[in-house]
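One-based numbering, in listed order, for ligands and for the atoms of each.
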Amino acid sequence: MPIVHDIFNPAHYRKIGLPLNECEALPRWAFTSEEFYRREVEHIFLKSWNFVGRADEIPNPGDYVTMTLAGEPIILIRDRAGTPRAFANTCQHRGARMLEGKGNVRAIKCPYHAWVYGIDGALTGTPDMEQCVGFKREEYGLAKIKLEIWAGFMFVNFDPNSVSLMAYLGDLPRQFESYAYDDVVVTRRVEFDLDCNWKIYAENSTEVYHTPTVHGASLGKQLADYVPSKGNWSAIHMPGEETCAVLPSDASPFPQIAGLKGRPRHGTHFALVFPSTTLCCTHDCMWWLAVYPVSASKSLLSVGSCFPRSTVARPDFEEVVKKYYHRWDLATPEDNWVTSVQQAGLASTLRIAGRMSWNEPVVHDLAMWVKDRVIGNLAPA
Ligand code: FES
């Protein structure tokens with residue numbers, strides 16, 4: 001295929017919307033082009049609800065974490081009333097980034113010229129500004145970012161006119177209600193630099209087509225069914241009566257979440273909340289795989305492990321949980337490796353648009369979701 005210059009021409013995307021057994025994958029430049037990536041930032045990451053962490057990671061007033069989401073530096077902080085808030089991590093004087101990492105503060109003080117903000121974002125201290133004509137502190141509070149919470153999962157949205165988080169999630173809260181995620185806590189969070197486009201990792205997180213080859217020595221072959229869904233998510237369900245958060249050779253060490261019923265009771269969900277967070281929901285715990293784009297070919301992966309409070313309170317928790325961490329520490333590098341391999345191969349200008357297996361329904365859904373936002377709605381050819 002010659003080098004394509006009109007990468008946003010709808011003609012290149014018509015076969016994506018065909019049924020799974022007839023469709024094609026997104027073209028290679030959707031994973032390699034900085035121009036395509038910039039459109040994704042504008043039309044996807046700055047418009048969607050993006051998962052940023054759990055509310056229990058900032059349990060006390062003044063607790064904060066910082067992160068960069070699609071290039072946007074943000075602060076997540078719990079205010080004095082106990083409400084998690086999100087702000088742009090940029091001083092309203094000359095724009096310095098103010099907080100790094102995580103911690104606890106009584107106020108936010110800019111490291112450059114010492115402007116001070118309350119943990120509610122209000123500007124409270126401005127040295128040597130008395131002579132500024134018409135300057136009003138109340139007009140220069142921290143820039144707010146919408147933050148809403150479902151079952152302890154915090155999401156932010158940069159679009160002030162967006163729908164609510166619950167409207168965005170559709171029927172996911174109802175389908176996942178019996179997991180009782182309000183009652184879980186984060187026990188570990190690990191981050192990895194990825195040499196791949198964000199979509200490559202999101203796709204990999206929600207298909208089991210690759211498991212016999214990539215995870216043959218660790219997880220082994222897995223089978224999964226497609227889950228009907230409404231809203232901005234898509235999922236597969238892997239039937240089974242045991243947790244899949246330990247290696248197949250380990251028996252289920254922790255008790256099941258009390259009250260599980262329906263599909264959650266009889267298997268594991270891998271649910272991609274668009275754009276880029278996979279919730280891996282099994283009988284006794286859950287873990288997330290959140291992918292934050294850095295550029296067209298680089299991403300940051302956050303892997304968070306969550307267990308019910310009653311499980312964490314067990315005297316043997318710290319010992320037994322090592323089996324779970326071992327499973328994640330084995331499988332995650334395997335996925336990190338293979339996604340970098342895919343990115344490397346996509347550099348070839350000779351690649352033709354690939355076909356998909358029946359075993360990749362969420363990959364298909366993500367391709368259509370991205371295409372609709374970056375290119376627009378198209379009738380299939
Ligand atoms: Fe923050 Fe000057 S940039 S006080």
Side-chain angles (χ1 to χ4, degrees), residues 34 37-149 154-162 165 189 191 193 198 276 290-296 298-300 302:
E34 291 295 335
Y37 171 69
R38 283 194 293 275
R39 267 216 197 184
E40 288 181 325
V41 171
E42 180 182 354
H43 294 285
I44 292 178
F45 288 95
L46 298 184
K47 295 285 185 188
S48 306
W49 284 101
N50 299 280
F51 169 72
V52 289
R54 292 272 310 173
D56 56 277
E57 294 181 275
I58 48 171
N60 303 306
D63 286 351
Y64 73 88
V65 296
T66 61
M67 63 185 297
T68 302
L69 204 168
E72 297 285 334
I74 66 176
I75 301 168
L76 305 166
I77 190 166
R78 193 176 288 267
D79 69 16
R80 291 196 199 294
T83 304
R85 311 274 295 265
F87 299 107
N89 193 359
T90 178
C91 180
Q92 297 289 40
H93 175 223
R94 276 169 45 203
R97 187 182 64 194
M98 294 180 297
L99 292 178
E100 292 182 53
K102 60 183 180 179
N104 180 278
V105 289
R106 295 165 65 92
I108 300 169
K109 183 175 179 181
C110 179
Y112 202 170
H113 311 96
W115 281 26
V116 177
Y117 303 83
I119 59 176
D120 61 354
L123 181 60
T124 57
T126 49
D128 299 329
M129 291 291 288
E130 301 82 5
Q131 296 174 24
C132 290
V133 177
F135 174 64
K136 297 176 184 167
R137 284 181 181 173
E138 58 269 30
E139 294 177 356
Y140 293 91
L142 294 180
K144 296 176 183 158
I145 303 166
K146 285 172 73 172
L147 184 154
E148 295 182 16
I149 300 173
M154 299 189 293
F155 290 76
V156 299
N157 197 317
F158 295 95
D159 180 2
N161 300 314
S162 74
L165 174 62
R189 182 174 180 147
E191 293 186 344
D193 291 319
W198 66 273
S276 59
V291 187
Y292 300 110
V294 174
S295 68
K298 302 279 183 190
S299 306
L300 180 80
S302 161

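Each of the atoms 3 (S) of ligand 1 lies under 4.0 Å from some heavy atom of A96. Ligand 1 places these atoms under 4.0 Å from at least one heavy atom of Y112: 2 (Fe), 3 (S). Near W115, the atoms of ligand 1 lying under 4.0 angstrom from a non-hydrogen atom of the residue are 4 (S).
Sorting the N, O or S atoms of H113 by how far they are from atom 2 (Fe) of ligand 1 puts ND1 first. H93 contributes atom ND1 as its closest N/O/S atom to atom 2 (Fe) of ligand 1.
No hydrogens or angles considered: a donor-acceptor pair under 3.5 Å links the side chains of N157 and S162.
Metal site remark for atom 2 (Fe) of ligand 1: C110 contributes no N, O or S atom at a distance under 2.8 Å.
The heavy-atom pair separating K47 from E42 by the smallest distance is CG-O, 3.5 Å. The shortest non-hydrogen separation linking A114 to K109 is CB-CE, 3.7 Å.
A donor-acceptor pair under 3.5 Å is formed between the side chain of T66 and the backbone N or O of G101. Of the possible donor and acceptor atoms, one in the side chain of N89 sits under 3.5 Å from a partner among the backbone N and O of L99. A donor-acceptor pair under 3.5 Å is absent between the side-chain atoms of D79 and the main chain of I77, judged by distance alone.
In terms of protein heavy-atom proximity, atom 3 (S) of ligand 1 is nearest to R94 N, 3.3 Å.
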